[in-house]
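One structure is given here, and the rest of the page talks about it.
Side chains included, hydrogens not; waters and symmetry mates left out as well; all remaining heavy atoms used. Just so you know, ligand 1 is whichever comes first in the structure, and atom 1 is the first atom listed for that ligand.
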Amino acid sequence: MTTRSTSQKGIILKSTAEIDLMRRAGALVCKVLDHVCALVVPGVTTGELNAEAERLIEDAGAEALFKGVVNPAASFPFPAALCTSVNDEVVHGVPGKRALKEGDVISIDCGVRIERFCGDSARTIAVGSVSSKTADLLRVTRGSLELAIGEMKLGRMWSEVATAIQKQVESAGMSVVREFVGHGIGQEMHEEPKVPNYHDRSQKKSDFCLEEGMTLAVEPMVTLGSCDVMYADADAWAIVTKDGKFAAHFEHTIAMTAGGPVVLTAA
Ligand code: MG
Ligand code: MG
């Protein structure tokens, strides 16, 4: 089994056999997210959710990709298998003693490697009942990922997909986060290319054409207010909205096959 490179910016294309291996990683990520999302109720702590995820990943003989990741802005390596980002936290929330409350939202992101290949997926879910605005945020963000998958046609430029995501989100009066984007994925969690959820002139140079064998983590991050984000000073990992408004994050690992996009992190 060999990997091929395209002329496109160091993007590593995967063979059908490699994509089949990535299905295993994707299926495990899906199983972990199904399991921990079902445990989300008022009172549960983010640390308890992480402990369950770690148990499932270990039982499967897989590697938790986020654990040990080093971030120059943080004083410690990422200590957990899940990122648990609550309310105004967009991504990279560190699991711990925080207990979820009715009306919160939690974004749960999980990445694993098994049989050399990685899977990466995230979902945002409501804790108990939430405001209609919050419910809209989850619906629009999930919908923007579904829209993106529908738009991912072989031969199409990514900027067309990104523009569609951005239009859908902004027409709902919400914003797309710029500072964090999706990515290629394979034997490494982060490969080329960068996969943004918006498009402007600054993105032109890094645009790419969707090709058979590409495996991409597509992950729109959407906010109810402005798109500006910053580090929360609490733990130096979590990224929060500057205006304190809620954020949501949905992610799938997707393979471009001869038959079109295949979601590897869905049941
Ligand atoms: Mg992720
Ligand atoms: Mg990702």
Among N, O or S atoms, E251 approaches the Mg ion (ligand 2) most closely through OE2
Could you check which N/O/S atom of D109 is closest to the Mg ion (ligand 1)? OD1
Check whether V218 and L154 end up in the same hydrophobic cluster, where Ile, Leu, Val, Met, Phe, Trp and Tyr are linked by side-chain heavy atoms less than 4.5 Å apart. yes
Can you tell me which N/O/S atom of E219 has the shortest distance to the Mg ion (ligand 2)? OE2
Taking the six-membered ring for Trp, are the ring centroids of H92 and F180 within less than 6.0 Å of each other? yes
Quick one: which of L33, I106, V36 gives a side-chain contact (heavy atoms from CB on, under 4.5 Å) with I125? I106
What N/O/S atom of D120 gets nearest to the Mg ion (ligand 2)? OD2
Does the pair D136/K133 count as a salt bridge with the N-to-O cut at 4.0 Å? no
Any chance CD of E58 has more than 12 other-residue heavy atoms, nucleotides or ligands included, within less than 6.0 Å? no
Which single N/O/S atom of H183 lies at minimum distance from the Mg ion (ligand 2)? NE2
